[in-house]
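For reference, the structure is listed below as structure tokens.
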Amino acid sequence: MGYCICEKSTGLIESYSKWDQLNFNSLTHDQVEVDEKPDKETQRWDGAEFRAATAQEMADTASARKDKEAQKLMESPTATAMMEEFIDILSSAGISLPADVPASIQLRIKDKL
């Protein structure tokens with residue numbers, strides 16, 4: 001048996017504990033007692049039970065995670081310096097960015113140009 005904290009508005013599973021109940025804001029989140037750990041990627045809480053996440057929900061979650069990872073990387077001074085050098089090379093060669101570059105990086109690049 002364990003406990004999940006799920007966001008009420010989106011159904012996202014934000015945290016899980018196998019042993020202890022977790023602290024949470026009851027206005028924005030539900031605490032759910034579960035027999036086994038649900039999959040954060042493929043399941044959502046609908047206020048009464050877990051359901052399969054839609055393809056759009058899974059894509060949104062993956063995109064948000066990708067942006068968060070990119071932002072974390074961009075906070076590294078070494079990565080920032082490397083990215084700026086790379087941007088200069090691309091810009092001088094007249095090459096545009098691929099469409100799948102995370103939004104947070106696209107903004108940094110546009111600021112640089």
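Predicted model only: the values in this text are computed from it and were never measured. Throughout, numbering of the chain's residues begins at 1 and tracks the sequence.
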Handout entry: Side-chain donor-acceptor contact under 3.5 Å, Thr42 with Arg51
Key = no

- Message: Between Val32 and Phe24, is there shared hydrophobic-cluster membership here, with clusters defined by ILVMFWY side-chain heavy atoms closer than 4.5 Å?
- Response: no

Taking every heavy atom of Asp30 against every heavy atom of Gly47, the minimum-distance pair comes out as OD2-CA, 4.3 Å

When rounded to the nearest 0.5 Å, the distance separating CG of Asp39 from NZ of Lys37 is 9.0 Å

Between the CZ atom in Arg44 and the CD atom in Glu49, the distance rounded to the nearest 0.5 Å is 15.0 Å

- prompt: If you measure only the distance, is there a donor-acceptor pair under 3.5 Å linking the side chains of Gln56 and Thr54?
  reply: no

One should read off an interatomic distance between Leu12 CG and Thr61 OG1, to the nearest 0.5 angstrom, of 5.0 Å

Candidate pair Ile13 and Gln43, rule side-chain contact (heavy atoms from CB on, under 4.5 Å), full reasoning: CA-CA 8 Å; Ile13 302 163; Gln43 292 182 291; 4.2 Å; yes

Exercise for the section: Check whether any side-chain heavy atom of Trp45 sits under 4.5 Å from a side-chain heavy atom of Pro38, and report yes or no. Expected result: no

| CG (Asn25) with more than 12 external heavy atoms under 6.0 Å | yes

d(His29 NE2, Cys4 SG) to nearest 0.5 Å is 12.0 Å

Check: Can you get from Tyr16 to Tyr3 by hopping between Ile, Leu, Val, Met, Phe, Trp and Tyr side chains that sit under 4.5 Å apart?
Finding: no

For the pair Arg65 and Glu41, find out whether any cationic side-chain nitrogen is under 4.0 Å from an anionic carboxylate oxygen.
yes

Worksheet item: Between the side chain of Lys40 and the main-chain N/O of Glu14, is any donor-acceptor distance below 3.5 Å?
Response: yes

Is a side-chain donor or acceptor of Glu57 paired with a backbone partner of Ala53 at a separation under 3.5 angstrom?
-> no

Separation between CG (Asn23) and CD (Gln31), nearest 0.5 Å, reads 8.5 Å

